[in-house]
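Position 1 is the first residue of the sequence, and the numbers go up from there. Keep in mind it's a predicted model, so treat the numbers as computed, not measured.
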Amino acid sequence: MHRNQAGSSWISKAIVYSLSSAFAGLIVGALLGIAGSFLSLSFRGAIGGVLAVIAVAAGSLEIFGRRIKPLQFDCPTPRHWMQKGPLRWATRNGLALGFGATSRIGFLLWYVVPLGALLSGSLAFGAAIYGTYGLVRGVAAPLILLSMIWQKADFSGWFLQQNKLMQVLAAGQLVLLGVAVAIVVGS
């Protein structure tokens, strides 16, 4: 394959992957937002308050070294997806990552995404919350690979070594978000 064809093929896969991930997030977020609209505002506020306390407690435990494993489907990408061709693989894998619940979840902070979309009670906010998650998750892998190509260095080992730091940062964000929700619900 010619070098330009290989480059454009890689770009096509990255775009399909990222857009599929964002699309899955938008759809799931919109559906959760709609579902949340059937809950009363006072009920959503009460649930938000309880979840805020849980978020602060769980995040604090993680900050101080007590790892809480997220409930998840800890499953890799099915190998048979790769046999269907690169664009189909990119589409399926992007959709799975954008949905999130069917792939590995590294941090408790992820649960804020679907719960936030549900408790927003809004199609637009739900889609924005989950769609942003899907887009960020879908764009991250191609950007990391692109930086590896440009820098001619493999950062994957470095990223894996930063897992503890990432856990603490995600836990800190979870605590701050829990505090913010508690303040909003309490006012």
Side-chain angles (χ1 to χ4, degrees), residues 6-36 55 58-59 62 67-120 123-151 154-174 177:
S8 66
S9 173
W10 186 88
I11 292 169
S12 298
K13 288 184 277 189
I15 290 170
V16 167
Y17 178 79
S18 300
L19 291 178
S20 296
S21 185
F23 179 74
L26 284 169
I27 297 302
V28 172
L31 292 172
L32 285 170
I34 291 169
E62 289 219 353
R67 177 78 171 121
I68 301 171
K69 285 201 67 130
L71 179 64
Q72 64 180 322
F73 295 108
D74 191 11
C75 55
T77 302
R79 288 211 181 272
H80 71 273
W81 287 6
M82 291 185 250
Q83 297 166 357
K84 304 276 187 196
L87 290 180
R88 278 190 167 166
W89 170 86
T91 302
R92 287 181 174 186
N93 207 36
L95 290 169
L97 286 177
F99 178 59
T102 57
S103 58
R104 288 187 177 113
I105 301 166
F107 309 103
L108 290 175
L109 184 62
W110 176 82
Y111 289 101
V112 170
V113 175
L115 291 170
L118 177 73
L119 295 178
S120 75
L123 180 145
F125 282 131
I129 291 166
Y130 221 127
T132 300
Y133 163 80
L135 180 63
V136 169
R137 193 160 187 204
V139 168
L143 287 179
I144 290 168
L145 289 173
L146 192 57
S147 73
M148 289 168 51
I149 291 168
W150 283 342
Q151 300 294 323
D154 184 357
F155 293 110
S156 57
W158 181 84
F159 282 117
L160 291 172
Q161 291 172 351
Q162 304 308 312
N163 191 36
K164 287 281 189 208
L165 174 63
M166 294 303 125
Q167 287 175 354
V168 170
L169 290 174
Q173 292 172 22
L174 186 60
L177 190 58

Novice: Is there a donor-acceptor pair closer than 3.5 Å between any side-chain N or O of S18 and the backbone N or O of A14?
Specialist: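 Confirmed, S18 side chain pairs with A14 backbone.
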
Novice: Give a yes or no answer on whether the side chain of S120 reaches the backbone of A117 with a donor-acceptor pair at less than 3.5 Å.
Specialist: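 Looks like yes, one N/O pair under 3.5 Å.
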
Novice: Taking only distance into account, with no hydrogens and no angle test, what donor-acceptor pairs under 3.5 Å do side-chain atoms of residues 127-134 form with protein atoms, sequence neighbours excluded?
Specialist:
from: Y130; atom 1: OH; to: F99; atom 2: O; distance (Å): 2.6
from: T132; atom 1: OG1; to: A128; atom 2: O; distance (Å): 2.6
from: Y133; atom 1: OH; to: W110; atom 2: NE1; distance (Å): 3.1
from: Y133; atom 1: OH; to: R137; atom 2: NH1; distance (Å): 2.7

Novice: In a check of side-chain contact (heavy atoms from CB on, under 4.5 Å) between V28 and each of L26, L31, L32, which one passes?
Specialist: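 The option that passes is L32.
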
Novice: Report the residues that fulfil salt bridge (charged side-chain N to carboxylate O under 4.0 Å, His left out) with R67, sequence neighbours left out, ordered by chain and then residue number.
Specialist: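 So R67 forms a salt bridge (charged side-chain N to carboxylate O under 4.0 Å, His left out) with E62.
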
Novice: Are there more than 12 heavy atoms of other residues, nucleotides or ligands under 6.0 Å from atom CZ of F23?
Specialist: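 Result for CZ/F23: open.
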
Novice: For L135, what residues pass the side-chain contact (heavy atoms from CB on, under 4.5 Å) criterion, not counting sequence neighbours?
Specialist: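 Counting only residues at least two positions away or on another chain, L135 forms a side-chain contact (heavy atoms from CB on, under 4.5 Å) with A22, V139.
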
Novice: Decide if atom CZ of F125 counts as having more than 12 heavy atoms of other residues, nucleotides or ligands within a radius under 6.0 Å.
Specialist: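 Count not over threshold, so no.
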
Novice: Enumerate donor-acceptor pairs with a distance under 3.5 Å from any side-chain N or O in residues 86-98 to protein atoms, sequence neighbours excluded.
Specialist:
from: T91; atom 1: OG1; to: L87; atom 2: O; distance (Å): 2.8
from: N93; atom 1: OD1; to: T77; atom 2: OG1; distance (Å): 2.8

Novice: Supply the atom-to-atom distance L108 CG to Q173 CD, rounded to the nearest 0.5 angstrom.
Specialist: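 These two atoms lie 12.5 Å from each other.
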
Novice: Out of curiosity, I15 CD1 to L19 CG, how far, rounded to the nearest 0.5 Å?
Specialist: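 Between atom CD1 of I15 and atom CG of L19 there are 7.0 Å.
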
